[in-house]
Amino acid sequence: MSTALPGGAAHAPLRESASDGLKIVIVGGFGVGKTTMVQSVSEIRPLSTEETMTQAGVGIDDASFVRNKTTTTVAFDFGRISLDEQMVLYLFGAPGQERFWFLWDRLFSGTLGAVVLVDTNRLSDSWYALDRLEHHGTPFIVARNNFTEPQHTLEEVREALDLPPEVPMIECDARKRDSSKAVLVALARYLYSLSTNGSAGETTA
């Protein structure tokens, strides 16, 4: 039975049969939709470290493309999805501001794979995420988040980010549960294909 949480959200208890936990990380630039994706797809009320943006961030966090954004992640977001009776997927949303990037390497520890969310208005914000994932040898897919009308095609994004052809690209709307689930399914399929080909990247211990 679900347990009610403050705000009317429901807490789905972890099944006693659950024995395996898989970890993935959602990364990307500031305000690209990482917290929104975790919230939209998690079966539990997500743990969030969102804090109200203040004048202290002026001149440090570039909010020019996210003028309606009033909060920001200062550590990480956490959600959970039960895949079956035994397997549970744990979702971690990384903070997007450069001043919190030092947390990323710890978040990547033990990660099976990652989703890189991109905004076509700010593709350069994705370069650090791609660099760190490649440094750790963490497999990833790229998802173009369509909060607004996309300015570039997926192939144009691939070319701009200099992605190899084998890295999957998908479009999504992080506000919609089904769309976010489709991104996670795409990542799972990619990880499976790597494992069956014997070429999956090793996660950091």
Approximate separation, where rounding is to 0.5 Å, of R177 CZ and K181 NZ: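 If I round to the nearest 0.5 Å, the distance is 5.5 Å.
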Enter the distance from L187:CG to L112:CG here, rounded to the nearest 0.5 Å.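 Between L187 CG and L112 CG, I get 7.0 Å after rounding to 0.5 Å.
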For E149, give me all partners under salt bridge (Lys or Arg N to Asp or Glu O under 4.0 Å), at least two apart in sequence or on another chain.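 Partners of E149 under the salt bridge (Lys or Arg N to Asp or Glu O under 4.0 Å) test: none.
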For R175, all residues meeting salt bridge (Lys or Arg N to Asp or Glu O under 4.0 Å), sequence neighbours excluded: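 Partners of R175 by the salt bridge (Lys or Arg N to Asp or Glu O under 4.0 Å) criterion, ordered by chain and then number, come out as D173.
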A side-chain contact here means heavy atoms from C-beta on lying under 4.5 Å apart; do [X] and [Y] qualify?
X	Y	answer
C172	M37	yes
V157	L161	yes
I81	V88	no
F140	L163	yes
T196	L194	no
L191	R189	no
L91	L184	yes
D119	N145	no

Which pair of non-hydrogen atoms, one from [X] and one from [Y], has the smallest distance, and what is that distance?
X	Y	result
I170	A182	CD1-O, 3.9 Å
S126	V118	OG-CG1, 3.1 Å
L123	A160	CD1-CB, 3.7 Å
Y190	P139	CE2-CB, 4.2 Å
A129	V27	CB-CG2, 3.7 Å

So, does [X] use its side chain to make a donor-acceptor pair with the main chain of [Y] at under 3.5 Å?
X	Y	value
E171	L154	no
E134	D131	no
R80	R45	no
R158	P164	yes
S42	I44	yes

Is there a path from W127 to V25 through hydrophobic residues (I, L, V, M, F, W, Y) whose side chains come within less than 4.5 Å of each other?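 Yes, because W127 and V25 connect within a single hydrophobic cluster, where side-chain heavy atoms sit under 4.5 Å apart.
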Report whether F147 and V183 are members of the same hydrophobic cluster (ILVMFWY, side-chain heavy atoms less than 4.5 Å apart, transitive linking). no
Going through the checks in order, is the side chain to side chain contact (heavy atoms under 4.5 Å, CB included) test met by I141 and V116? CA-CA 6 Å; I141 68 169; V116 181; over 6 Å; no
Does atom CD (E159) have a neighbourhood of more than 12 heavy atoms from anything else shown, all under 6.0 Å? no
Counting only heavy atoms not in K23, do more than 12 sit closer than 6.0 Å to its NZ atom?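 Atom NZ in K23 is crowded, with more than 12 foreign heavy atoms closer than 6.0 Å.
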With I26 as reference, evaluate V38, D77, V32, T35 under the side chain to side chain contact (heavy atoms under 4.5 Å, CB included) test and give the passing residue. V38
Side chains of S40 and S180: is there a donor and an acceptor less than 3.5 Å apart? yes
